[in-house]
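Step one of this worksheet: look at the structure below.
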Amino acid sequence: MKIIELNDDYRNTEKIAIALGNFDGIHIGHQNLIKRMIEISKINNLIPSVLIFENHTKSVTSNTFPSLLSNNEQKLYILDKLGVENVYLMKFSENVMKLSPHEFINKILIDKLNCKSVVVGYNYKFGYKASGDTDTLKTICSEKGIIAEIVSPVYYEDKIVSSTLIRSLITYGKIDIANKLLGRFYTIKGEVVHGKGIGTKLGFPTANIKLTDNFVIPKNGVYSTLTTIGDKTYKSATSVGFNPTFQEKSLKIENHIIGFNDLLYGNIIDISFVEYIRPEISFDRVEDLVNRMIEDVNYIKKKNVIYNF
């Protein structure tokens with residue numbers, strides 16, 4: 001897969017089909033859209049491509065930084081697995097924000113990207129102040145000889161699958177449903193930093209995690225997880241919360257990697273959330289905490305888990 005930075009001088013010579021959207025999480029609805037784009041590209045002998053913004057659009061439009069289901073590194077990995085051949089990275093700036101729908105199609109899709117087919121979701125908005133919608137897109141593309149297709153939403157039970165829904169599920173501890181809608185385990189990335197060493201003293205050394213990005217934080221509690229270090233993946237138990245037995249004042253993500261004892265300080269690791277096991281508990285005795293941790297780890301060891309992405 002080629003990753004191409006869109007600068008002022010870039011002009012594409014290949015004919016492409018492109019999927020447009022924010023694609024936070026690249027959930028099963030996004031995947032359905034991208035797979036349709038790939039089908040269209042094969043039928044019309046086009047290069048299957050995706051355009052993503054390097055920064056969140058809201059960081060420019062409203063100076064806010066929403067919690068993420070995936071960072072750009074994760075998006076690129078997933079897009080490669082799906083069979084996308086070109087990914088165009090574009091910085092969302094005030095100049096881009098102020099482009100009208102016509103200008104966005106003419107200056108970006110046609111002049112820069114040489115786009116011959118575009119695929120978007122049912123609720124796609126584009127152009128200055130989101131003034132363009134799917135009807136606008138179809139009308140302009142028809143005038144320009146571009147194939148435009150609007151993909152219908154994917155439903156889970158009676159709800160449309162969306163990044164907003166998945167964020168809510170994660171924050172309420174419904175990680176099993178969130179994973180189903182993502183089509184993989186929800187995964188955060190973080191740097192291993194020094195903690196207080198409490199886990200080591202209790203016989204369960206933990207990697208304290210400083211997130212690399214503004215990921216959605218799962219509901220406080222203990223989770224069965226998978227931890228990936230380089231090209232190896234291990235079963236792990238992850239605690240999210242305030243460690244009430246020791247009356248911590250700041251939220252922590254602490255990760256016990258089963259059967260792994262090497263030092264990891266400074267390393268970036270991936271933690272994939274498999275199952276919500278239990279809420280935080282304030283134990284009266286440290287011995288009771290240790291016994292419960294033994295139960296948690298033994299439960300995780302017995303689970304047959306397949307790393308699915």
(message) Using the side chain to side chain contact (heavy atoms under 4.5 Å, CB included) definition, which of the options Ile166, Leu182, Val161, Leu33 pairs with Ile28?
(response) Val161
(message) Checking side chain to side chain contact (heavy atoms under 4.5 Å, CB included) between Glu149 and each of Ile40, Val120, Thr134, which is the one that passes?
(response) Ile40
(message) Check this for me: Tyr122, atom OH, are more than 12 non-hydrogen atoms of other residues, nucleotides or ligands nearer than 6.0 Å?
(response) yes
(request) Answer yes or no: are there more than 12 heavy-atom neighbours, outside Asn298 itself, under 6.0 Å from its atom CG? (result) yes
Please check this pair: side chain of [X] against backbone of [Y], looking for a donor-acceptor N/O pair closer than 3.5 Å.
X	Y	value
Arg167	Leu165	no
Lys15	Ser117	no
Glu280	Phe242	yes

Quick one, [X] and [Y] - any side-chain contact, counting heavy atoms below 4.5 Å?
X	Y	answer
Ile147	Val118	no
Met90	Glu5	no
Ile253	Ile217	yes
Asp262	Ile229	no
Phe283	Met293	no
Ile277	Ile300	yes
Ile257	Thr206	no
Ile16	Asn114	no

Short side-chain donor-acceptor distance under 3.5 Å, [Y] and [X]:
X	Y	value
Asn179	Glu275	no
Thr227	Asn255	yes
Thr233	Thr228	yes
Lys144	Asn106	yes

(message) Let's go through Glu14 and Lys2 carefully: what are the C-alpha distance in whole Å and the side-chain angles of both, what is the deciding distance for salt bridge (charged side-chain N to carboxylate O under 4.0 Å, His left out) to 0.1 Å, and is it a yes or a no?
(response) CA-CA 13 Å; Glu14 301 173 313; Lys2 291 193 290 187; 3.7 Å; yes
(message) Would you say the ring centers of Tyr124 and Phe126 fall short of 6.0 Å from each other?
(response) yes
(message) Membership question, hydrophobic clusters at under 4.5 Å side-chain separation (ILVMFWY): are Ile140 and Tyr128 in the same one?
(response) no
(message) Run Tyr265 and Asn267 through side chain to side chain donor-acceptor pair (under 3.5 Å) and show every step you take.
(response) CA-CA 6 Å; Tyr265 297 121; Asn267 282 271; over 6 Å; no
(message) Let's go through Lys180 and Asp176 carefully: what are the C-alpha distance in whole Å and the side-chain angles of both, what is the deciding distance for salt bridge (charged side-chain N to carboxylate O under 4.0 Å, His left out) to 0.1 Å, and is it a yes or a no?
(response) CA-CA 6 Å; Lys180 186 180 293 186; Asp176 54 336; over 6 Å; no
(message) Looking at every non-hydrogen atom in both residues, tell me the closest pair between Ile18 and Met37 and how far apart they are.
(response) C-CG, 3.8 Å
(request) Determine the minimum heavy-atom distance between Cys141 and Ala148, stating which atoms define it. (result) CB-CB, 3.8 Å
